[in-house]
Visitor: 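I am attaching a structure below and will ask some questions about it afterwards.
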Protein chains: 2
Amino acid sequence: MPEILSPTYTRADEAFDCLQTAIVKGDLAPGEKIGELELCSRFNLTRGPLREALGRLESRGLLVRRPHAGVKVVSVSASELMELYRIREVMEGLAARQAAERMTDQEIADLQATLDSHERMIDEAQGQAYYQAEGDYDFHHRIATGSRNTKLAQMLLGDLYYMVRMYRYRLSTSTGRPQRALGEHRRIVEAIAQRDGELAEFLMKRHINAARQNIEKKIQEGEITI
Amino acid sequence: MPEILSPTYTRADEAFDCLQTAIVKGDLAPGEKIGELELCSRFNLTRGPLREALGRLESRGLLVRRPHAGVKVVSVSASELMELYRIREVMEGLAARQAAERMTDQEIADLQATLDSHERMIDEAQGQAYYQAEGDYDFHHRIATGSRNTKLAQMLLGDLYYMVRMYRYRLSTSTGRPQRALGEHRRIVEAIAQRDGELAEFLMKRHINAARQNIEKKIQEGEITI
DNA sequence: TTCCTTCGCATTGTTGACAATCTATGGATC
DNA sequence: GATCCATAGATTGTCAACAATGCGAAGGAA
């Protein structure tokens, strides 16, 4: 991890980033109770900045805090994870629609290029779900940003994705249907390239809905447990 | 403000609530730069808890913070406010749909009762936009909660509404069309009572879209400025 | 044996002092 | 007269000690 990222990067920012990635990567397991002093020694921090970071993380819903009783990593149930996908469905649908209206031609070209790279990733590293998940994240990230809707991007990238990614890492599988997902991504980008916002929204909603149903099925079949 | 709200209510919580309401009510104006020590003396706090609260508020997008340079109340431009309404449209649409599927009969009855009370409020206090806005907030609040979607309610009530309310207080006008809004509310509740989620979603989206267009028109006509 | 009470300890919440950084004011130079 | 630089002041970031609260272990009573 780089010592200096931004010209001004406070300890609290550092603590926030460390904890966030630790939670997302699963180094801090959901439901795990964590002590402040333990975290301090683990990340070489003092309690001041740490507590500030804890406040931010709590506000984002990654931690739950009970006064005088410590903090726990949030544990999301299967049904709650499904609810997250419902929210993603409508929000990313909006993002796709606005992206179709507002992304620059250059951004769209870049997006298509990343899809090519994702295709190579799938061919080369068959079954390496981790990299597929990263590619998937990259795609959705670009569209959220491309919507030019600051708050929307902030909510998607700063809240929802972290919670979803948290479980992606744990499940060690993206949607489990990489080729099909890639095809859906391509169609969405096509719609965006044609500036057809309505279609882009429809396709994105269907895409996320399919991902949700896929996970739901796996959970019901007992393939994966949460 | 009560001294003890919850059995355990920390200073940081207190600071958070104070600042949040101060921002929403406009006591701290958008764009205003605020010093920490000034806030401390104003709310009788020390800097530790205050800083923790500032972190939370920044994370929620109500403050912007530049290291070593202080915090500013976020100032939302007219176009950004419109974007907020776009987000509300899809998210509250989802909330209405899920509320139709999940609210209890008792909750629906209560919701209808509050609409009756809102109607009286409109008749009695004609033009008292403040109370109308509160009634409007109450309605949307109940539906967000009724969705039984924890994260959705959290995002709506904890993020979006505060930003929207911030400007409602400033503009000192709800949507400016109380009777019409009430009628739309009634139709939405009817759809929910009939457990017609699809219709509830459609009506809610149209309701918020109308509110957005109404504000947009007023802004363009120069009636209100942001 | 099991439940309740009580006490001690560990952990969290809070405070005030110290260090690092930015902004603004003033002066000097072009 | 305008622009750049330097210094001073204030403000923010950080730290370590102190106070308050919750949790668990130990002991006694039913």
Side-chain angles (χ1 to χ4, degrees), chain A residues 1-20 22-23 28-75, chain B residues 1-20 22-23 28-75:
Chain A
M1 202 161 291
E3 275 289 318
I4 295 165
L5 271 176
S6 156
T8 48
Y9 186 67
T10 68
R11 303 270 178 173
D13 294 328
E14 192 185 333
F16 182 76
D17 289 342
C18 286
L19 283 171
Q20 194 170 45
I23 292 171
L28 295 171
E32 185 178 347
K33 188 196 160 196
I34 47 184
E36 290 186 3
L37 57 91
E38 184 194 335
L39 291 175
C40 288
S41 61
R42 191 155 162 181
F43 296 111
N44 271 75
L45 295 161
T46 51
R47 285 183 59 219
L50 179 84
R51 283 180 62 81
E52 202 179 311
L54 290 178
R56 286 196 231 175
L57 288 165
E58 186 198 13
S59 179
R60 293 205 178 181
L62 262 67
L63 293 179
V64 286
R65 213 168 177 184
R66 234 178 46 198
H68 297 284
V71 296
K72 276 194 319 183
V73 180
V74 73
S75 77
Chain B
M1 201 161 295
E3 274 288 317
I4 295 166
L5 271 176
S6 155
T8 47
Y9 186 67
T10 67
R11 303 268 178 177
D13 295 328
E14 192 185 333
F16 181 76
D17 290 342
C18 286
L19 283 171
Q20 193 170 45
I23 292 171
L28 295 171
E32 185 179 346
K33 188 198 159 193
I34 47 185
E36 290 186 3
L37 57 91
E38 183 194 336
L39 291 174
C40 287
S41 62
R42 193 156 162 181
F43 297 109
N44 271 73
L45 294 162
T46 50
R47 286 184 57 219
L50 179 84
R51 285 180 60 82
E52 204 179 310
L54 291 178
R56 286 196 232 175
L57 289 164
E58 185 198 13
S59 180
R60 293 206 179 180
L62 263 67
L63 294 178
V64 285
R65 214 169 175 185
R66 233 179 46 197
H68 296 103
V71 297
K72 277 194 317 183
V73 180
V74 73
S75 77

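Values reported hereafter were calculated over all heavy atoms of this structure, with side chains retained and with hydrogens, waters and symmetry mates removed. Sequence lines set the chain letters: A, B, ... in the order given, protein chains first and strands last, and positions in each chain run from 1.
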Visitor: According to side-chain hydrogen bond (donor to acceptor under 3.5 Å, both in side chains), who are the partners of A:Arg11, at least two apart in sequence or on a separate chain?
Guide: none

Visitor: Only counting residues at least two apart or in another chain, list the ones meeting side-chain hydrogen bond (donor to acceptor under 3.5 Å, both in side chains) with A:Arg42.
Guide: none

Visitor: Over how many whole Å does the gap from B:Glu58 atom CD to D:dT12 atom P extend?
Guide: 14 Å

Visitor: What is the distance from CG of A:Asn44 to C1' of D:dT14, rounded to the nearest Å?
Guide: 15 Å

Visitor: With sequence neighbours left out, write down each residue that passes side-chain hydrogen bond (donor to acceptor under 3.5 Å, both in side chains) with A:Arg47, or none if nothing qualifies.
Guide: A:Glu36

Visitor: What does the B/S/- profile of nucleotides 12-18 of chain C look like, 5' to 3', with a 4.0 Å heavy-atom cutoff to protein?
Guide: BBBBSB-

Visitor: Identify, with sequence neighbours excluded, every residue that meets side-chain contact (heavy atoms from CB on, under 4.5 Å) alongside A:Ala12.
Guide: A:Thr10, A:Pro49, A:Glu52, A:Arg56

Visitor: My understanding is that only residues two or more places apart in sequence, or in another chain, count here; which of them pass side-chain hydrogen bond (donor to acceptor under 3.5 Å, both in side chains) with B:Glu32?
Guide: none

